[in-house]
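Since the structure is predicted, the reported quantities are computational estimates derived from the model, not experimental observations. Every heavy atom of this structure was used, including side-chain atoms; hydrogens, water molecules and symmetry mates were not.
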Amino acid sequence: MDAFLKSVETRAFRMIQIAIGNEEDALDLLQDAMMKFVLKYADKPQEEWKPLFYRIVQNKIRDWFRRDRFR
């Protein structure tokens, strides 16, 4: 699990940072995505991890924009 998260960390961070334009918020969203992935999907087969993780990342970005509209 640790090796997988390290392998996707940099790319996921850049995706989030480019999407929202804020490094601090990007780090928070990345941490939230990783925590959710570990808590909910660690028992899934390893070949499913990458698509599941990036789906979580995309959902976190989408949720951030939804919340940002009301701030």
Side-chain angles (χ1 to χ4, degrees):
M1 179 63 67
D2 288 338
F4 168 75
L5 290 175
K6 285 180 184 180
S7 73
V8 296
E9 177 181 20
T10 304
R11 182 171 184 238
F13 175 71
R14 286 296 293 152
M15 285 173 57
I16 298 168
Q17 187 180 24
I18 289 168
I20 66 174
N22 183 327
E23 187 172 328
E24 291 178 15
D25 287 343
L27 286 171
D28 288 342
L29 290 180
L30 178 61
Q31 183 178 14
D32 290 347
M34 287 181 165
M35 289 298 296
K36 183 173 182 176
F37 176 77
V38 169
L39 293 174
K40 297 204 178 249
Y41 299 109
D43 60 334
K44 296 286 185 184
Q46 192 169 356
E47 58 271 1
E48 294 179 15
W49 285 359
K50 200 169 196 174
L52 286 170
F53 178 73
Y54 283 110
R55 174 64 57 109
I56 293 169
V57 168
Q58 289 298 322
N59 288 341
K60 291 289 180 186
I61 292 169
R62 190 175 304 116
D63 291 345
W64 185 88
F65 277 109
R66 285 181 187 144
R67 282 191 304 273
D68 190 53
R69 274 190 235 154
F70 296 106
R71 286 186 230 161

Contacts of R55 that satisfy side chain to side chain donor-acceptor pair (under 3.5 Å) - sequence neighbours left out | none
State which residues pass side chain to side chain donor-acceptor pair (under 3.5 Å) with R62; sequence neighbours excluded, sorted by chain then number.
-> N59
Atom [atom1] in [X], atom [atom2] in [Y]: separation rounded to 0.5 Å?
X   : Y   : atom1 : atom2 : value
E23 : L27 : CD    : CG    : 5.5 Å
Q58 : F53 : CD    : CZ    : 10.5 Å
I61 : R66 : CD1   : CZ    : 12.5 Å

Do you know the tightest heavy-atom contact between A33 and V57?
-> CB-CG2, 4.0 Å
Audit row: F65, I20, side chain to side chain contact (heavy atoms under 4.5 Å, CB included) steps and yes/no = CA-CA 8 Å; F65 277 109; I20 66 174; 4.0 Å; yes
Who are the side-chain contact (heavy atoms from CB on, under 4.5 Å) partners of E48, not counting sequence neighbours?
-> K44, P45, L52
All side-chain contact (heavy atoms from CB on, under 4.5 Å) counterparts of N22, not counting sequence neighbours | E24, D25
Tell me which donor-acceptor pairs under 3.5 Å the side chains of residues 5-16 have, and how far apart each pair is, sequence neighbours excluded?
unit_1 : atom_1 : unit_2 : atom_2 : d
S7     : OG     : F4     : O      : 2.6
R14    : NH1    : Q17    : OE1    : 3.0

Heavy-atom neighbours of M35 CE exceed 12 at 6.0 Å = no
CD/Q46: more than 12 non-hydrogen atoms of other groups inside 6.0 Å = no
